[in-house]
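In what follows, a single structure is set out as structure tokens and then discussed.
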Amino acid sequence: LESLNLFRCNIGDDEAATLAEGLRNNQRLTCMKLANNDIREEGWNAFSTIMCDASSINATHGSNHTLQNLGFHRNNPQDVDIM
């Protein structure tokens with residue numbers, strides 16, 4: 001599975017955090033479309049942390065660099081859009 005479309009799936013911050021944690025060791029999924037859900041800053045921050053954890057050099061190295069696209073959403077934080 002390389003792409004997952006979760007468009008309009010009623011995903012909120014809690015569900016986004018669960019998805020993000022499940023993708024921490026992802027090695028295949030490159031695109032996950034999350035448009036038109038109810039994800040706010042807290043939910044997007046969960047993805048930001050797993051995609052590029054800048055808390056230390058080891059954490060950055062261990063971040064998920066496979067997932068590159070979370071789909072378009074008007075409320076994405078800028079750092080998530082850039083990834």
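- Partners of E42 by salt bridge (charged side-chain N to carboxylate O under 4.0 Å, His left out), not counting sequence neighbours: none found.
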Side chains of residues 5-14: which donor-acceptor partners sit under 3.5 Å, not counting sequence neighbours?
unit_1, atom_1, unit_2, atom_2, d
N5, OD1, F7, N, 2.9
D13, OD1, R40, N, 2.7
D13, OD1, G43, N, 3.1

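- When the shell of 6.0 Å around CG of L1 is examined, it contains more than 12 heavy atoms from other residues, nucleotides or ligands.
- Applying the side chain to side chain donor-acceptor pair (under 3.5 Å) rule to S55 yields the partners D53; only residues at least two apart in sequence or on another chain are considered.
- Atom CG of L70 sits about 8.0 Å away from atom SG of C31, to the nearest 0.5 Å.
- Listed by first then second residue, pairs satisfying side-chain hydrogen bond (donor to acceptor under 3.5 Å, both in side chains) with a partner in residues 18-32 read E21-R24, not counting sequence neighbours.
- With sequence neighbours excluded, the residues that form a side-chain contact (heavy atoms from CB on, under 4.5 Å) with A46 are A17, A20.
- Nearest heavy atom pair, residue L23 against residue M32, reads CD1-CE, 3.3 Å.
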### Query
Would L34 and W44 count as a side chain to side chain contact (heavy atoms under 4.5 Å, CB included) if you check the C-alpha gap in whole Å, the side-chain angles of each, and the deciding distance to 0.1 Å?
CA-CA 10 Å; L34 293 168; W44 292 120; 3.9 Å; yes
